[in-house]
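In this text the structure is predicted, and so the values were computed from the model without any measurement. Order of appearance sets the numbers: ligands from 1, and atoms from 1 within every ligand.
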Amino acid sequence: MRHFIVVAILIILSSFLVYAGISAAHLLPIEASLQSIPIDWLFRIEFVAISFLFSLIFVPLVYSLIVFRRRSGDTSDGQHIEGDTRLEILWTVIPLFTVMGLAYIGAQNLSAIRRVDPDAMEAKVTAFQWAWKFDYPNSGVSSNELHLVVDRQVDLSMTSSDVIHSFWVPEFRVKQDLVPGIVTDYRITPNLIGNYKVRCAEMCGTSHAYMEAPVIVQSQADFDAWIKTQQEANAAAEASGIPDASRGQRIYETSGCRACHSIDGSPLVGPTWKGLWGSEVMLEDGGTIKADEKYITESIKNPAAKIVKGFAPGMPQFNFTDLQIADLVEYIKTLK
Ligand code: CUA
């Protein structure tokens, strides 16, 4: 009986120590969404269970090794023990109810996380190898940065233009796949102003590890101001009608071009843009072509038309306007 009491006290003590250790390790990033609160609560329950189960196995093991070790000169057999029905019932019933309880809490948690707010802001997310594009259909703004309003739910309709990607902002906790051909739904209510990062959490090719984009959670006023700036820039471009290299640079940076085309000569998935303008491009079919306006325009509109030697066809179709393509050409001209 004395052994049982000592071991029980040691198990409780060890559980507290292990849980304190797990907590001190700060395994979870900061909570930046309403949905992260119930998720972290569930995580903490699991941490308590893990600490207890670890101690329940480890403490009796170590205790037995030390207290019941074989003394020198003792060559007798160990005590022979047959099964114990009470014990077997106990260690079947307790885990059964524990797991059922966790399933119940998990289901409740899931419904809390997926609660739909009818006033949610809407935005679209498109993933492609290897970048993110965010569209705000109500204001006609597109960006490679995701801007969100603090304390306001956002409903992201997500899809992919090539392979499966996964939208993951660790501080928001919730994660959702983007699948070509279907639209998936992701709801989140950011509740902490700050700058975060969306990462791709599904292995999607060579640059998977670099598939990141900024996520900015800001006040409604700051968000409105950002939308207005974007709209004004778009309107100014349309009004002038004259191709412009700096606008081309913005398209390069925000529409995903830079994921595959470098501007410093380094090789990526696609040919570099440095020194491209006016050069003689070697093609896969053995021919060459001068990189002029006609060739670059065709390569953007119909990427498979001419494949550069040493590269595989695979560039996605972009729906650029003629002016946007002209802007890109102007930008490429500056990359000597
Ligand atoms: Cu996209 Cu990994």
Side-chain angles (χ1 to χ4, degrees), residues 27-30 32-33 35-36 39 43 113-114 121-137 141-148 154-188 190 194-217 249-264 266-273 299-300 303-304 307-308 310-320 324 328:
L27 297 173
L28 300 171
I30 55 157
S33 77
Q35 288 76 4
S36 64
I39 292 176
F43 258 119
I113 290 158
R114 306 183 110 174
M121 180 173 101
E122 279 176 26
K124 283 187 181 149
V125 182
T126 312
F128 46 92
Q129 288 167 312
W130 289 273
W132 302 91
K133 189 163 168 283
F134 307 105
D135 295 291
Y136 297 84
V141 167
S142 293
S143 173
N144 73 329
E145 292 178 350
L146 180 60
H147 286 245
L148 300 175
V154 63
D155 177 12
L156 298 179
S157 309
M158 317 205 290
T159 194
S160 163
S161 66
D162 37 51
V163 299
I164 300 175
H165 303 272
S166 186
F167 182 99
W168 186 40
V169 181
E171 292 83 358
F172 294 167
R173 299 294 189 277
V174 188
K175 186 161 74 175
Q176 176 66 57
D177 279 4
L178 297 92
V179 184
I182 66 169
V183 176
T184 49
D185 213 36
Y186 178 99
R187 285 181 184 270
I188 205 79
N195 295 321
Y196 308 94
K197 210 167 15 172
V198 53
R199 298 157 165 80
C200 180
E202 185 75 54
M203 178 62 190
C204 58
T206 47
S207 296
H208 155 72
Y210 306 105
M211 192 171 157
E212 301 174 336
V215 175
I216 295 122
V217 176
Q249 180 176 8
R250 218 173 71 85
I251 296 169
Y252 170 79
E253 284 164 2
T254 60
S255 296
C257 313
R258 71 167 168 189
C260 302
H261 300 283
S262 77
I263 52 169
D264 61 1
S266 58
L268 295 177
V269 177
T272 183
W273 286 2
S299 295
I300 295 172
I307 302 301
V308 179
F311 293 93
M315 176 169 147
Q317 203 93 42
F318 289 89
N319 295 321
F320 290 131
Q324 284 175 316
L328 282 168

Task: H208 atom ND1 and C204 atom SG as seen from atom 2 (Cu) of ligand 1, angle to 10 degrees - done: 120°
Any side-chain heavy-atom pair from [X] and [Y] closer than 4.5 angstrom?
X    : Y    : answer
D177 : T184 : no
F134 : L156 : no
T159 : F128 : no

Task: Parallel, tilted or perpendicular, as decided by the 30° and 60° cut-offs, for the rings of Y252 and W273 - done: tilted
Task: atom 2 (Cu) of ligand 1 contact by H165, N, O or S atom under 2.8 Å - done: no
Open item on the list: Please name the atom of E202, limited to N, O or S, that comes nearest to atom 2 (Cu) of ligand 1.
Closed with: O
Task: Derivation of the side chain to side chain contact (heavy atoms under 4.5 Å, CB included) call for R258 and I263 - done: CA-CA 8 Å; R258 71 167 168 189; I263 52 169; over 6 Å; no
Task: Where atom 1 (Cu) of ligand 1 is the vertex, angle from M211 SD to C200 SG to 10° - done: 110°
- [ ] May I ask you to check if any N/O/S atom from S166 comes under 2.8 Å of atom 1 (Cu) of ligand 1?
- [x] no
